[in-house]
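All remarks here apply to the structure that follows.
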Amino acid sequence: MNSLLYINYPSWIHPEIFPGVPFLQLFRWYGLMYVFAFGFAYMILRRELKEGVLDANGKKATEDDIVGFIATGIVFLLLGARIFATLVYDTTGKYLKAPWLIFWPFDENMNFTGLAGMSYHGGFIGGLIGMIVWTRKNKRNTMQWIDAMCVAIPCGYTFGRLGNFLNGELFGRITTMPWGMVFPDAQQFSIVKPWVTDFANACGMEIPASGLVNLPRHPSQLYEAFFEGIFLFVILWLVHKKKPFHGFISALYTAGYGLVRFVIEYFRMPDADLGYRLGPDKGTQGEIWRNTSLLNLSTGQLLCLGMIAGGIVLGLICWKLSKNKK
């Protein structure tokens with residue numbers, strides 16, 4: 001038997017901040033991460049306010065403007081994230097038949113579940129609409145303010161993915177890498193299939209008497225927290241004061257996030273009920289827990305391709321408009 005080549009998910013991590021305390025079960029790490037994310041966005045925008053990058057046409061920005069801008073963006077972001085998740089990623093059709101359930105935080109037994117299920121791409125669209133609404137209403141330069149927010153978004157996203165990790169959810173595909181992690185709630189595999197035994201042996205795992213084995217997964221939440229969050233934030237922060245035109249940061253973020261997320265999707269688990277949207281294993285019949293072909297594209301990857309294209313088009317449009325103003 002090979003030496004141990006995987007990591008067990010820490011047993012001391014729980015989704016609840018105060019596990020075992022009945023009246024505090026509603027307080028979860030994932031929700032707290034949203035608070036951290038929005039707080040970080042405020043800090044970055046406040047820093048940009050002091051740098052003067054939000055002032056334009058003789059109109060000085062204030063901290064009240066920042067609060068209003070962020071609050072409007074948050075409301076639209078949450079609406080977009082929830083609506084998109086329930087109508088695009090859900091295949092049961094229950095939300096189409098009963099749309100009020102989209103914002104109903106209880107299950108059929110009246111147990112509190114919160115608004116489980118948020119879509120990044122839906123939040124992106126909703127937040128964008130919210131920022132446009134605020135800047136139009138307050139007669140501010142739309143792309144200038146969205147640029148400022150785009151600098152802050154990546155690190156906020158880091159907190160969200162850390163929340164997913166603490167929940168033990170959104171883990172990736174199986175892997176033989178030594179940093180592969182065994183998540184307690186992951187699907188188990190039967191040793192009836194020869195590749196399962198080979199995979200377990202390669203990781204140094206013992207086969208349980210049940211014949212079912214929980215194989216190590218990519219901790220893709222942590223990949224995303226770093227590359228889609230910290231890595232992208234550093235790039236945007238380094239160029240935010242040197243941007244050649246309004247809209248440059250927005251375009252760079254949109255295309256940059258789409259590119260990084262597209263690559264990481266190869267390590268994430270596609271939605272089991274959706275499977276691949278394109279590729280040799282299109283549909284739900286393919287073994288989505290293994291990456292058998294780079295041509296298999298998930299829903300998230302198709303949306304990311306749209307973001308990459310959209311970022312490039314946005315950059316070209318904003319560049320052209322800046323040239324015409326000179």
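Keep in mind it's a predicted model, so treat the numbers as computed, not measured.
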Taking the side chain from D65 and the backbone from T62, do they hold a donor-acceptor pair closer than 3.5 Å? yes

Test your reading of the model: is there a side-chain donor-acceptor pair from R173 to the backbone of H218, 3.5 Å cut-off? no

Grouping I, L, V, M, F, W and Y whenever their side-chain heavy atoms are under 4.5 Å apart, do V263 and F171 come out in a common cluster? no

Donor-acceptor contact below 3.5 Å, side chain N214 vs main chain V182: no

Rounded to the nearest 0.5 Å, what separates atom CH2 in W289 from atom CD in Q187? 5.5 Å

Side-chain touch P270/Q301, heavy atoms, less than 4.5 angstrom: no

Take Y34 and Y30 through the test ring pair (Phe, Tyr, Trp, His ring centres under 6.0 Å) and record every step on the way to the result. CA-CA 7 Å; Y34 268 90; Y30 188 73; 5.2 Å; yes

Do M269 and L170 share a hydrophobic cluster (ILVMFWY, side-chain heavy atoms under 4.5 Å, transitive)? no

Where do G180 and T175 come nearest, in terms of heavy atoms and distance? CA-CG2, 3.7 Å

Can you tell if the side chain of F165 reaches within under 4.5 Å of the side chain of I13, non-hydrogen atoms only? yes

Looking at CZ of F159 and CG of L166, how far apart are the two atoms once the value is rounded to the nearest 0.5 Å? 12.0 Å

Within the structure provided, determine whether R261 and R268 are in side-chain contact (heavy-atom separation under 4.5 Å). yes

Contact summary for E265 and S298, nearest pair of heavy atoms: OE1-OG, 2.7 Å

The salt bridge (Lys or Arg N to Asp or Glu O under 4.0 Å) partners of E63 (sequence neighbours excluded) come to R46

For residues 237-253, pull every pair meeting side chain to side chain donor-acceptor pair (under 3.5 Å), keeping only residues two or more places apart or in separate chains. E51-H240, Y120-Y253, D147-K243, D147-S250, K243-H246

Any idea how F183 and Y9 line up, ring-wise: parallel (<30°), tilted (30 to 60°), or perpendicular (>60°)? tilted

What closest approach, in Å, do L236 and P154 show between heavy atoms, and which atom pair accounts for it? CD1-CG, 3.8 Å

Tell me which donor-acceptor pairs under 3.5 Å the side chains of residues 225-234 have, and how far apart each pair is, sequence neighbours excluded?
{"residue": "E228", "atom": "OE1", "partner": "Y157", "partner atom": "OH", "Å": "3.2"}
{"residue": "E228", "atom": "OE1", "partner": "Y257", "partner atom": "OH", "Å": "3.4"}

Shared hydrophobic cluster for M43 and F36 (ILVMFWY, side-chain gaps under 4.5 Å): no

Min side-chain heavy-atom separation P216-T176 under 4.5 Å: no

Could you check whether any side-chain heavy atom of I70 comes within less than 4.5 Å of a side-chain heavy atom of M149, counting everything from C-beta outward? yes

Could you tell me whether the side chain of T254 and the main chain of A251 form a donor-acceptor pair under 3.5 Å? no

Dump the intermediate steps for side chain to side chain contact (heavy atoms under 4.5 Å, CB included) on K320 and N324, then the final yes or no. CA-CA 6 Å; K320 184 67 174 177; N324 292 339; 4.1 Å; yes

E169 and N164: CA distance, side-chain angles, deciding distance, side-chain hydrogen bond (donor to acceptor under 3.5 Å, both in side chains) verdict: CA-CA 5 Å; E169 61 188 8; N164 292 137; 2.8 Å; yes

Indicate the atoms forming the closest heavy-atom contact of G156 with A37, along with that distance. O-CB, 3.4 Å

So, using ring pair (Phe, Tyr, Trp, His ring centres under 6.0 Å) as the criterion, who are the partners of Y266 when residues are at least two apart? F262

Let me see the working for W145 and L45 under side chain to side chain contact (heavy atoms under 4.5 Å, CB included), right down to the final yes or no. CA-CA 9 Å; W145 278 75; L45 283 172; 5.6 Å; no

How many angstroms lie between atom CE of M143 and atom CG of L321, to the nearest 0.5 angstrom? 10.0 Å

Can you check whether L303 reaches F84 side chain to side chain, under 4.5 Å on heavy atoms? yes

Search all heavy atoms of G172 against all heavy atoms of S220 and return the closest pair with its distance. N-OG, 3.2 Å

Give, for atom SG of C155 and atom CZ of F40, the distance between the pair rounded to the nearest 0.5 Å. 4.0 Å

Taking salt bridge (Lys or Arg N to Asp or Glu O under 4.0 Å) as the definition, give me every residue that meets it alongside K60, ordered by chain and number, with sequence neighbours left out. D55

Should V239 and F245 be counted in the same cluster of Ile, Leu, Val, Met, Phe, Trp and Tyr side chains packed under 4.5 Å apart? yes

Test side chain to side chain contact (heavy atoms under 4.5 Å, CB included) applied to D281 and I288, step by step: CA-CA 8 Å; D281 296 321; I288 59 175; over 6 Å; no

Mind checking the CD1-CZ spacing from I74 to F69? Nearest 0.5 Å is all I need. 11.0 Å

Hydrophobic clusters here meaning ILVMFWY residues chained together by side-chain heavy-atom distances under 4.5 Å, can you tell me if L222 and L32 are in one? yes

What are the two closest non-hydrogen atoms of Q144 and V53, and how far apart are they? NE2-O, 2.7 Å

Working note: M131 + R140, criterion side chain to side chain contact (heavy atoms under 4.5 Å, CB included); need CA distance, chi angles, decisive distance, verdict. CA-CA 10 Å; M131 290 186 288; R140 299 301 178 108; over 6 Å; no

Any chance you could measure E224, atom CD, to R161, atom CZ, to the nearest 0.5 Å? 4.0 Å

Would you say the side chain of I7 lies within less than 4.5 Å of the side chain of M181, judging by non-hydrogen atoms? yes

Pairs of donor and acceptor atoms involving the side chains of residues 189-197, under 3.5 Å and at least two apart or interchain, shall be tabulated with distances.
{"residue": "S190", "atom": "OG", "partner": "V192", "partner atom": "N", "Å": "3.1"}

